[in-house]
> 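Below you'll find the structure I mean.
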Amino acid sequence: MAEEQTAGAAAAAGPTGQGCSGQHEVLQAVPAHGPHVLGTHQLPVGAAASQQPSWQQYSSVFTASKAGMQNVDKEKVKRVVFEMSKDSAHFKNEQRKQAQVDARIAQLKAKAASISQAELAAHQKAADAKLAQLEAGRDLSRTWLHADMDAFYASVEELDRPDLKSKPMAVGGMGMITTANYEARKFGVRSAMPGFIARKLCPQLAFVKPDFRKYEAASVATRGVFKVYDPHFEAGSLDEAYLDVTDYCAAHSMTGEQVAAELRAGVEAATRLTCSVGIAPNATLAKVASDLNKPNGQALVVSSREAVMAFVHDLPIRKVPGIGKVSEQTLNALGITTCGQLLQQRGLIAALFSSISARFFLGAGLGLGHTQHGGDRGDEGGAGGGSVVARKGISCERTFANMSSSADMEKMADNLVQHLAADMESEGIESKTLTLKLKTTDFAVRTRAVTLAGHVHTAQQMLPPILKLLRAELPCEIRLMGVRGSALRRLTSAGDALDAAAAGGRLNALQRMILQGRKQQQRGEAVEQQQGEQQDEQHCSMVISYRQLAQDLAIMRGSMPSMKQRLLRCHMTCLMMKTRQVLSAAAMVRLAQMARAH
DNA sequence: GCGGATCAC
DNA sequence: TATGGTGATCCGC
């Protein structure tokens with residue numbers, strides 16, 4: 001989720017690890033830009049793993065300040081996280097990784113020091129040419145919004161449990177927290193934090209198990225609103241979206257800010273959830289801006305070159321989508337902490353980084369970003385799919401209690417492969433390359449891949465090569481196993497038989513849903529009878545929902561049955577949310593009939 | 001094409 | 001009781 005920054009957990013502070021200044025918020029990579037990662041060199045481990053860590057110098061991503069976390073006692077959080085972590089295998093692995101980063105940084109600095117003035121001048125000249133080229137492509141004619149739901153999962157849960165609004169609450173379990181509400185954030189509890197550490201920070205913390213069907217339903221409702229302002233909006237994840245509202249602004253003689261305010265009100269009306277919005281001349285800046293006045297706020301970056309350059313000048317590089325913890329440390333080591341400095345040090349950047357990384361950094365310094373749907377390169381597959389980007393891989397992985405028995409591991413591989421095969425079937429794809437992923441009990445990750453002679457999609461086809469990869473790694477002790485398919489292709493002719501097989505499963509699934517709905521309805525019956533007003537509302541929502549469903553199904557004509565089933569389930573749960581009560585079995589039956597008719 | 005690593009949510 | 005799952009991309013082989 002956008003607002004809930006992923007924090008790869010705690011890391012020991014290296015000499016450059018102090019850089020967590022200011023607020024960090026999440027910045028999701030804009031699809032076509034993709035993450036531009038600094039080069040990864042293979043370096044010996046341990047070069048910089050000298051000093052004994054203590055909590056004072058312990059820099060944890062969990063202490064980075066976020067919306068709603070300004071008054072957190074960061075020293076206390078640091079100390080608690082350190083105390084809870086320091087003896088774990090996970091912590092040891094974090095130290096190992098940090099040592100690698102430190103070594104890489106040292107190498108980079110050495111390289112920087114060896115550059116002559118003449119060389120630097122030449123690189124700067126090349127950078128200036130690149131900057132001029134980027135500048136020439138600057139487009140300030142579009143108005144972009146980035147909408148980001150506030151504490152999304154937690155807020156959805158609070159709809160069902162209003163009593164939790166005033167209490168610290170987290171969605172997740174002892175293993176991992178996905179979202180924390182704002183009450184919990186006051187204690188330093190945040191996403192991507194292990195539950196047992198969160199409980200130490202806040203003993204009264206309420207834990208709620210994630211229910212992704214609810215979040216998906218809420219997400220569908222928000223998308224119904226987004227569609228009004230940009231029918232081609234790009235949903236980054238369940239809780240955020242990019243919208244090009246240029247046409248809407250023109251058609252209604254409105255400013256971007258006015259549209260943003262209207263959109264926020266619309267989302268709240270449809271879902272009783274709040275979101276924050278950024279308004280800017282490109283998608284990247286809109287994303288950065290959506291973070292500035294969170295929660296339930298909006299921020300504008302004016303569409304002029306001067307305003308953009310001013311906005312970006314003092315912006316911490318970490319705020320830029322695609323610059324994460326490691327890139328931040330690396331750039332900090334070169335004396336770069338703001339986007340303005342990315343431009344000042346353009347010669348150094350051109351000299352030290354790959355052409356693609358340098359272009360990305362310079363673009364960030366200029367405040368550039370996507371201004372057209374589907375990415376500025378227009379690289380989407382032209383197969384009539386519109387803005388839907390074909391996936392490159394599909395995977396399934398699981399963490400479990402430490403495992404060393406080869407029999408257990410082969411059983412696990414079998415399970416995962418079956419799961420993957422089912423997912424590939426429902427997606428209608430087959431794969432030529434298979435990858436096995438193992439995480440050993442000391443948290444080191446290994447991947448092993450094979451490319452086969454042809455494409456495969458059944459468990460029977462995929463299990464033997466996966467087992468072969470696995471056996472080559474034995475003996476070992478692991479805590480995670482994963483399987484992945486890549487080099488994908490659409491499942492061809494044979495897929496029709498598959499469709500027919502899936503149809504049987506669909507009916508069963510529908511029947512199950514309807515039965516479940518009946519049970520729930522019985523419980524909610526008393527309420528329903530007392531509140532005729534809500535019934536009217538429900539009826540109204542259902543009419544709308546039928547129309548919507550029909551439209552969506554028309555769009556999906558020819559799709560796999562499983563996709564239609566998923567869509568139907570979405571509509572049902574969405575409707576339940578909108579009416580704030582359980583959908584009647586009769587309503588479900590009618591929805592199901594509509595789905596079948598298509 | 002493979003494996004490690006980074007990034008995002 | 002002890003730190004997730006999915007997808008993408010980049011780099012250097």
Side-chain angles (χ1 to χ4, degrees), chain A residues 1-11 25-43 60-62 81 84-94 97 100-101 104 148-149 152-153 172-179 191-200 210 212 215 235-240 287 318 320-330 353-357 360 389 391-402 419-420 423 432-433 435-437 439 441 443-451 469 479-480 482 484-488:
Chain A
M1 343 196 24
E3 201 216 354
E4 315 302 330
Q5 174 169 16
T6 296
E25 276 289 339
V26 152
L27 309 166
Q28 180 219 10
V30 179
H33 251 140
H36 289 74
V37 180
L38 295 173
T40 59
H41 308 274
Q42 301 300 318
L43 288 173
S60 160
V61 285
F62 298 137
V81 173
M84 298 292 288
S85 301
K86 67 180 197 296
D87 296 324
S88 67
H90 180 263
F91 180 80
K92 234 179 155 54
N93 188 249
E94 289 301 317
K97 289 197 294 187
Q100 278 189 21
V101 170
R104 243 177 56 201
D148 195 333
M149 301 301 293
F152 186 51
Y153 297 173
M174 273 312 133
M176 189 61 68
I177 285 172
T178 69
T179 316
S191 61
M193 178 181 275
F196 67 91
I197 291 181
R199 172 165 281 179
K200 191 84 174 179
F212 287 93
Y215 314 144
S237 62
L238 287 184
D239 81 320
E240 65 177 343
K287 171 147 185 73
R318 186 64 170 82
V320 177
I323 297 183
K325 195 162 93 81
V326 174
S327 299
E328 179 190 30
Q329 286 184 45
T330 307
F353 299 112
S354 72
S355 151
I356 196 157
S357 289
F360 172 68
V389 178
R391 67 156 79 224
K392 302 275 176 69
I394 184 167
S395 66
C396 179
E397 67 186 56
R398 226 172 281 159
T399 295
F400 38 75
N402 288 354
H419 226 283
L420 183 66
D423 287 351
K432 200 164 187 283
T433 300
T435 304
L436 173 74
K437 174 176 168 180
K439 191 189 280 178
T441 51
F443 287 85
V445 174
R446 268 187 247 174
T447 61
R448 297 291 181 263
V450 275
T451 296
L469 292 174
R479 70 188 327 277
L480 172 146
R484 170 182 156 87
S486 54
L488 303 179

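Heavy atoms only: backbone and side chains are in, while hydrogens, waters and symmetry mates are out. Remember, predicted model here, so these are calculated numbers, not experimental data. Lettering of chains follows the sequences in order, A, B, ..., and the numbering in each one begins at 1.
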> Rounded to whole angstrom units, what separation is found between the CZ atom of Phe360(A) and the P atom of dA8(C)?
19 Å

> Provide, to the nearest angstrom, the distance between the CZ atom belonging to Arg391(A) and the C1' atom belonging to dA8(C).
12 Å

> Considering only dG4(C), dC11(C), dG7(C), which nucleotide approaches the side chain of Thr399(A) most closely?
dG4(C)

> How would you label the contact of Leu480(A) with the nucleic acid (heavy atoms, under 4.0 Å): base, sugar-phosphate, or nothing?
sugar-phosphate

> Could you state the atom-to-atom distance from NZ of Lys439(A) to P of dG5(C) in whole Å?
7 Å

> Does dC7(B) have OP1 or OP2 under 4.0 Å away from a side-chain N or O of Ser327(A)?
yes

> Please determine whether a side-chain nitrogen or oxygen atom of Lys325(A) lies at a distance below 4.0 Å from atom OP1 or OP2 of dT6(B).
no

> Does a side-chain N or O from Ser395(A) land closer than 4.0 Å to OP1 or OP2 of dT6(C), or not?
no

> Is it true that Glu94(A) and Lys97(A) have a side-chain N and a carboxylate O under 4.0 angstrom from each other?
yes

> Can you identify which nucleotide, out of dC2(B), dA5(B), dG4(C), has its nearest atom closest to the Ala449(A) side chain?
dC2(B)

> For Thr435(A), check side-chain hydrogen bond (donor to acceptor under 3.5 Å, both in side chains) against everything at least two apart and list the hits.
none

> Evaluate the side-chain proximity of Arg484(A) to Thr447(A): yes if any heavy-atom separation is below 4.5 Å, no if none is.
no

> What's the closest nucleotide to the Arg448(A) side chain, out of dG3(B), dA8(C), dC11(C)?
dG3(B)

> To the nearest angstrom, how far is His419(A) atom NE2 from dG5(C) atom P?
12 Å

> State which of dG5(C), dT9(C), dC2(B) makes the closest approach to the side chain of Arg398(A).
dG5(C)

> Measuring from Phe91(A):CZ to Lys86(A):NZ, what's the distance to the nearest 0.5 Å?
9.5 Å

> What's the CZ-P distance between Phe400(A) and dA2(C), to the nearest Å?
14 Å

> Rounding to an integer number of Å, can you tell me how far Glu397(A) CD sits from dA8(C) P?
13 Å

> Between Arg484(A) and dC2(B), does any side-chain N or O lie under 4.0 Å from OP1 or OP2?
no

> Can a donor-acceptor pair be found between the side chains of Thr433(A) and Thr451(A) at a distance below 3.5 Å?
yes

> Heavy atoms from C-beta onward define the side chain here; which of dT3(C), dA5(B), dC11(C) lies closest to that of Met176(A)?
dT3(C)

> Examine dG4(C): is either OP1 or OP2 under 4.0 Å from a nitrogen or oxygen in the side chain of Arg479(A)? Give yes or no.
yes

> Could you work out, with salt bridge (Lys or Arg N to Asp or Glu O under 4.0 Å) as the rule, every residue matching Arg398(A), not counting sequence neighbours?
none

> Please figure out whether Val445(A) or Lys432(A) has its closest DNA chain B nucleotide nearer the 5' end.
Lys432(A)

> Using the ring of each side chain (for Trp, its six-membered ring), is Tyr153(A) parallel, tilted or perpendicular to Tyr215(A), with breaks at 30° and 60°?
parallel

> Below the 4.0 Å mark, does dT6(B) have OP1 or OP2 next to a side-chain nitrogen or oxygen of Arg104(A)?
yes

> Within the structure shown, what part of the strands sits under 4.0 Å from Thr433(A) by heavy-atom distance: base, sugar-phosphate, or nothing?
sugar-phosphate

> Could you work out which one of dG4(C), dA5(B), dT6(C) sits closest to the side chain of Lys437(A)?
dT6(C)

> Would you say Thr451(A) reaches dG1(B)'s phosphate, i.e. side-chain N/O to OP1/OP2 under 4.0 Å?
no

> Between dA8(B) and dT3(C), how far is it from one P atom to the other, in whole Å?
24 Å

> So which one's nearest nucleotide on DNA chain C is more toward 5', Gly393(A) or Ser355(A)?
Gly393(A)

> Quick one: which of dA5(B), dT6(B), dT3(C) gets closest to the side chain of Val326(A)?
dT6(B)

> Give a yes/no on whether any side-chain N or O of Ser88(A) is located under 4.0 angstrom from OP1 or OP2 of dA2(C).
no

> Should the side chain of Ser85(A) and the base of dT3(C) be counted as holding a donor-acceptor pair, with the cut-off at 3.5 Å?
yes

> Rounded to the nearest angstrom, tell me the gap between atom CG in Leu420(A) and atom C1' in dG7(C).
13 Å

> Grab the CZ-P distance between Arg318(A) and dT6(B) for me, whole Å please.
13 Å

